Amino acid sequence: MPGWAEVLVGPVDAVAPRLLGGLLTHGGVTVRLTEVEAYDGADDPASHAYRGITARNAVMFGPPGRLYVYFSYGMHWCANVVCGPDGRASAVLLRAGEVVAGERVARERRGGRSGADLARGPANLTQALGIQRHQDGLDLTGHLELSATPVPEAAVATGPRVGVSVAHDVPWRFWLRDDPTVSAYRRSPRAPRD
DNA sequence: CTGGGGATTGCCT
DNA sequence: GGCAATCCCCAGC
């Protein structure tokens with residue numbers, strides 16, 4: 001059994017930062033993850049799993065180490081890594097990464113954009129990797145490679161999640177401090193004012 | 001069956 | 001900073 005799946009079991013806010021620096025490969029492109037966001041299943045009002053299992057979020061309720069893919073704003077696909085334990089319905093949204101292999105393919109998918117813009121933002125990262133609806137539920141064995149030694153805690157920054165209109169006070173966005181590929185923070189237009 | 005809204009992005013002023 | 005694009009999801013009737 002893949003040892004890395006063990007890393008995905010635990011409190012999702014502890015699991016999420018462990019993905020930073022990990023390598024995700026799909027469609028001929030490899031991305032080094034630089035920014036992620038944690039969603040805590042049924043307990044998290046911002047999670048797609050908050051209102052229980054549906055056809056869309058069913059993968060979240062399954063075993064860890066699989067890809068949860070959803071369609072957003074009528075045009076974008078976004079990807080999560082499902083975390084455990086089985087039935088917990090926690091997931092980590094992949095928000096940004098650095099393309100470290102397959103840059104030529106990634107650039108074609110991203111309409112000529114390059115450099116830090118290739119996989120900056122969850123929909124951009126997903127597009128660069130060529131992930132769409134068909135990859136919902138994909139077993140990440142052989143796709144996701146986590147480093148044996150996590151990045152130093154001091155290199156990880158935390159902050160509020162991007163775009164969510166509820167539970168905006170929960171600092172469950174994690175990114176590599178000072179990394180140029182990290183997406184710009186955008187508060188949800190529907191989030192309550194302070 | 002229907003309608004409001006969304007874990008976004010990129011182009012506009 | 002504002003906002004349109006675009007369609008699937010799901011809560012509610």
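Quick caveat: nothing in here was measured; it's all calculated off a predicted structure. A, B, ... follow the sequence lines: proteins, then strands. Residue 1 opens every chain.
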A.B. asks: Kindly indicate whether the side chain of A:Val100, heavy atoms from C-beta on, has any atom under 4.5 Å from the side chain of A:Val31.
C.D. replies: no
A.B. asks: Can you tell whether the side chains of A:Arg173 and A:Asp13 come within less than 4.0 Å, N to carboxylate O?
C.D. replies: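 Here A:Arg173 does not pair with A:Asp13 in a salt bridge, since their nearest N and O are not under 4.0 Å apart.
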A.B. asks: Please list, by residue number, the residues of residues 57-77 of chain A whose heavy atoms come closer than 4.0 Å to an atom of DNA chain C; answer none if no residue qualifies.
C.D. replies: A:Phe71, A:Tyr73, A:Gly74, A:Met75
A.B. asks: Does anything in residues 27-56 of chain A reach DNA chain C, meaning a heavy atom under 4.0 Å, and if so which residues?
C.D. replies: A:Arg51, A:Thr54, A:Arg56
A.B. asks: Is there a chain of hydrophobic side chains (I, L, V, M, F, W, Y, each step under 4.5 Å between heavy atoms) that links A:Trp175 to A:Leu125?
C.D. replies: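 No: no chain of side-chain contacts under 4.5 Å links A:Trp175 to A:Leu125.
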A.B. asks: Which other residues end up in the same hydrophobic cluster as A:Tyr39, if Ile, Leu, Val, Met, Phe, Trp and Tyr are linked when side-chain heavy atoms come under 4.5 Å apart?
C.D. replies: A:Ile53, A:Val59, A:Met60, A:Phe61, A:Tyr68, A:Tyr70, A:Val82, A:Leu93, A:Val164
A.B. asks: Could you tell me the boundaries of the chain A footprint on DNA chain C, defined by atoms under 4.0 Å from its heavy atoms?
C.D. replies: C:dA5 to C:dA11
A.B. asks: Rounded to the nearest 0.5 Å, what's the gap from CZ on A:Arg56 to CZ on A:Arg133? Could you check?
C.D. replies: 11.5 Å
A.B. asks: Kindly give the heavy-atom pair with the smallest separation between A:Val182 and A:Glu35, and that separation in Å.
C.D. replies: CG1-OE1, 3.4 Å
A.B. asks: Using the C1' atom in both, what is the distance from B:dG5 to C:dC3, to the nearest Å?
C.D. replies: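 One C1' to the other, the span is 16 Å.
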A.B. asks: Please tell me which of A:Ser165 and A:Leu125 maps to the more 5' nucleotide of DNA chain B, matching each residue to the nucleotide holding its nearest heavy atom.
C.D. replies: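 Residue closer to the 5' terminus by nearest nucleotide: A:Ser165.
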A.B. asks: In the hydrophobic cluster built from side-chain contacts under 4.5 Å, what are the other members alongside A:Val9?
C.D. replies: none
A.B. asks: Going by an N to O cut-off under 4.0 Å, is there a salt bridge joining A:Asp44 and A:Arg161?
C.D. replies: yes
A.B. asks: Does anything in residues 78-85 of chain A reach DNA chain B, meaning a heavy atom under 4.0 Å, and if so which residues?
C.D. replies: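 Those residues whose heavy atoms fall under 4.0 Å from DNA chain B, taken from residues 78-85 of chain A in numerical order, are A:Asn80.
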A.B. asks: Please answer: with hydrophobic residues joined when any side-chain heavy atoms are less than 4.5 Å apart, are A:Leu118 and A:Val105 in the same cluster?
C.D. replies: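 Same cluster: A:Leu118 reaches A:Val105 through Ile, Leu, Val, Met, Phe, Trp or Tyr contacts under 4.5 Å.
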A.B. asks: Does a salt bridge link A:Arg120 with A:Asp179, judged by any charged N lying under 4.0 Å from a carboxylate O?
C.D. replies: no
A.B. asks: Would you kindly confirm whether A:Leu23 and A:Leu94 end up in one hydrophobic cluster when ILVMFWY residues are joined by side chain heavy atoms under 4.5 Å apart?
C.D. replies: no
A.B. asks: Could you write out DNA chain B as a dot-bracket string, with dots for unpaired bases, | for bases paired across to another strand, and Watson-Crick or G-U pairs counted at under 3.5 Å?
C.D. replies: ||||||.|||||.
A.B. asks: Provide the full list of side chain to side chain donor-acceptor pair (under 3.5 Å) pairs with a residue in residues 146-155 of chain A, sequence neighbours left out, each pair given once.
C.D. replies: none
A.B. asks: With a cut-off of 6.0 Å (strictly less than), are more than 12 heavy atoms of other residues, nucleotides or ligands near CG of A:Asp169?
C.D. replies: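 Count over threshold, so yes.
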A.B. asks: Just checking, is any N or O donor in the side chain of A:Ser165 or A:Ser188 under 3.5 Å from an acceptor N or O on the other one?
C.D. replies: no
A.B. asks: At under 4.0 Å between heavy atoms, what does A:Arg95 touch on the DNA or RNA strands: base, sugar-phosphate, or nothing?
C.D. replies: sugar-phosphate
A.B. asks: Would you grab the first and last nucleotide of DNA chain B (5' to 3') that comes under 4.0 Å of any non-hydrogen atom in chain A?
C.D. replies: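 Footprint of chain A along DNA chain B, 5' to 3': B:dG5 to B:dC11.
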A.B. asks: Do you know which two heavy atoms are closest between A:Ser183 and A:Arg95, and how far apart they sit?
C.D. replies: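 Smallest interatomic distance, heavy atoms only, reads OG-NH2, 3.3 Å.
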A.B. asks: Assess whether a salt bridge exists between A:Asp136 and A:Arg66, defined as any Lys/Arg side-chain N lying under 4.0 Å from an Asp/Glu carboxylate O.
C.D. replies: no
A.B. asks: Linking directly or through intermediates, with side-chain heavy atoms under 4.5 Å: list the remaining ILVMFWY members grouped with A:Tyr50, chain and number order.
C.D. replies: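 Listed partners: none, A:Tyr50 stands alone.
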A.B. asks: Heavy atoms, side chains only, cut-off 4.5 Å: are A:Thr30 and A:Val99 in contact?
C.D. replies: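 No, their side chains stay 4.5 Å or more apart.
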A.B. asks: Hey, can you pull the residues of residues 101-119 of chain A with a non-hydrogen atom under 4.0 angstrom from DNA chain B?
C.D. replies: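 Heavy-atom cutoff 4.0 Å gives A:Arg110, A:Arg113.
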A.B. asks: What residues join A:Val162 in its hydrophobic cluster, counting side-chain heavy atom gaps under 4.5 Å, either direct or through other members?
C.D. replies: A:Tyr185
A.B. asks: Is atom CD of A:Glu108 surrounded by more than 12 heavy atoms (other residues, nucleotides or ligands) closer than 6.0 Å?
C.D. replies: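 For A:Glu108, atom CD is crowded (more than 12 foreign heavy atoms under 6.0 Å).
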